[in-house]
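What follows is a short report on a single structure.
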Amino acid sequence: MTKDDCIFCKIASGEIPSNSVYEDEDFKVILDISPASRGHALILPKLHYDNAYEMDEAFAAKVFPLAVKMSKAMKKALNCDGFNILQNNEEAAGQTVFHFHVHLIPRYAGDDVQIASKPHETTKEEQEEVASLIKKQL
Ligand code: 5GP
Ligand code: ZN
């Protein structure tokens, strides 16, 4: 299904033009309009899913093989020194376009891309509690 007011649905369907670098029956891969680095691209499913938790696992299983295929090609094409494959879900996690997408971000030694997090201390008890809460939901 697609969503009428969704820009990535329109780009994935071709209604809005984009710099597409790959397409198959399920996905379009486009260059990001405001790239974090040279070659920053986005994997867009042609079906609309708001985020990863809305996606069925069978469809999700097609996403990472494509990310691997793209990263291999982009690494060769762009001669980058590293590569981030990342994906944001909901506003609190930095998502700004609410159509599931995967960022493919080539990295160059000394670039100014920021994907930072600060390590926090925890305890054995807290880790056990968190692990138990997650396991109960699976
Ligand atoms: P998010 O913050 O949701 O994970 O990432 C959204 C990404 O989509 C951003 O990197 C942003 O630059 C990109 N973006 C937003 N609108 C457009 C657009 O119309 N075309 C393209 N190619 N990229 C877009
Ligand atoms: Zn959409």
Side-chain angles (χ1 to χ4, degrees):
M1 241 174 321
T2 58
K3 206 171 163 192
D4 283 349
D5 57 351
C6 172
I7 180 123
F8 281 2
C9 280
K10 291 189 168 77
I11 291 174
S13 72
E15 188 183 331
I16 293 180
S18 62
N19 279 308
S20 169
V21 293
Y22 175 83
E23 184 166 5
D24 63 24
E25 64 174 321
D26 295 314
F27 300 99
K28 188 173 266 197
V29 182
I30 62 167
L31 295 184
D32 196 291
I33 203 167
S34 306
S37 67
R38 177 176 155 82
H40 179 180
L42 302 170
I43 297 177
L44 310 182
K46 291 185 177 179
L47 296 177
H48 181 94
Y49 300 99
D50 283 353
N51 53 49
Y53 355 111
E54 298 290 322
M55 192 173 276
D56 63 86
E57 289 176 22
F59 189 82
K62 298 179 180 183
V63 175
F64 212 76
L66 178 55
V68 169
K69 180 189 180 80
M70 292 306 308
S71 61
K72 285 178 181 170
M74 290 169 70
K75 173 113 177 90
K76 278 192 203 155
L78 301 167
N79 198 28
C80 51
D81 303 307
F83 210 91
N84 293 116
I85 298 173
L86 64 90
Q87 193 270 316
N88 302 322
N89 299 285
E90 299 194 82
E91 199 174 340
Q95 187 177 9
T96 58
V97 179
F98 298 95
H99 174 126
F100 174 94
H101 52 280
V102 176
H103 292 263
L104 303 169
I105 306 178
R107 299 297 303 271
Y108 305 91
D111 68 27
D112 63 357
V113 177
Q114 287 190 7
I115 301 167
S117 74
K118 194 174 100 187
H120 295 90
E121 287 190 5
T122 185
T123 60
K124 185 168 171 286
E125 291 71 33
E126 186 186 39
Q127 294 290 69
E128 282 169 3
E129 185 204 352
V130 168
S132 158
L133 286 169
I134 294 169
K135 285 193 263 184
K136 274 190 212 147
Q137 296 299 328
L138 291 169

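In this chain, residues are counted from 1 in sequence order. Atoms within each ligand, like the ligands themselves, are counted from 1 in listed order.
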Open item on the list: Under 3.5 Å between any N/O of I30 and any N/O of ligand 1: does that happen in this structure?
Closed with: no
Identify every side-chain donor-acceptor pair in residues 125-132 under 3.5 Å, counting partners at least two apart or on other chains, and give the distances.
{"residue": "E126", "atom": "OE1", "partner": "T122", "partner atom": "OG1", "Å": "2.4"}
{"residue": "E128", "atom": "OE2", "partner": "K124", "partner atom": "NZ", "Å": "3.1"}

Task: Protein contact of atom 12 (O) of ligand 1 - nearest heavy atom, named by residue and atom, plus distance - done: D32 OD1, 2.5 Å
Open item on the list: Any side-chain to backbone donor/acceptor pair from K28 onto V21? Under 3.5 Å, distance only.
Closed with: no
TODO: Provide the closest heavy-atom pair for A52 versus Q87 in the form atom of the first, atom of the second, distance.
DONE: CB-OE1, 3.9 Å
- [ ] Tell me the protein N, O or S atoms under 2.8 Å from the Zn ion (ligand 2), in chain and number order.
- [x] C6 SG, C9 SG, H48 ND1, H99 ND1
TODO: Return the orientation label for the F59 and Y49 ring planes: parallel under 30°, perpendicular over 60°, tilted otherwise.
DONE: tilted
- [ ] Give the single entry among Q95, K10, H103 that approaches atom 4 (O) of ligand 1 most closely by any heavy atom.
- [x] H103
Task: Which segment of T96 sits under 4.0 Å of ligand 1 when only heavy atoms are counted - done: both
Please report, to 0.1 Å, the donor-acceptor pairs under 3.5 Å made by any side chain of residues 79-86, with sequence neighbours excluded.
{"residue": "D81", "atom": "OD2", "partner": "A109", "partner atom": "N", "Å": "2.7"}
{"residue": "N84", "atom": "OD1", "partner": "R107", "partner atom": "NH1", "Å": "2.6"}

Using a 3.5 Å cut-off and no angle test, enumerate the donor-acceptor pairs between side-chain atoms of residues 35-46 and protein atoms at least two apart in sequence or in another chain.
{"residue": "S37", "atom": "OG", "partner": "P106", "partner atom": "O", "Å": "2.6"}
{"residue": "H40", "atom": "ND1", "partner": "A36", "partner atom": "N", "Å": "2.9"}
{"residue": "H40", "atom": "NE2", "partner": "H103", "partner atom": "ND1", "Å": "2.9"}
{"residue": "K46", "atom": "NZ", "partner": "E23", "partner atom": "OE2", "Å": "2.7"}
{"residue": "K46", "atom": "NZ", "partner": "D24", "partner atom": "O", "Å": "2.7"}

TODO: Examine the proximity of ligand 1 to F100 and report which part, side chain or backbone, both or neither, has a heavy atom under 4.0 Å away.
DONE: neither
Open item on the list: With a heavy-atom distance limit of 4.0 Å, tell me whether I7 approaches ligand 1 through its side chain, its backbone, both, or neither.
Closed with: side chain
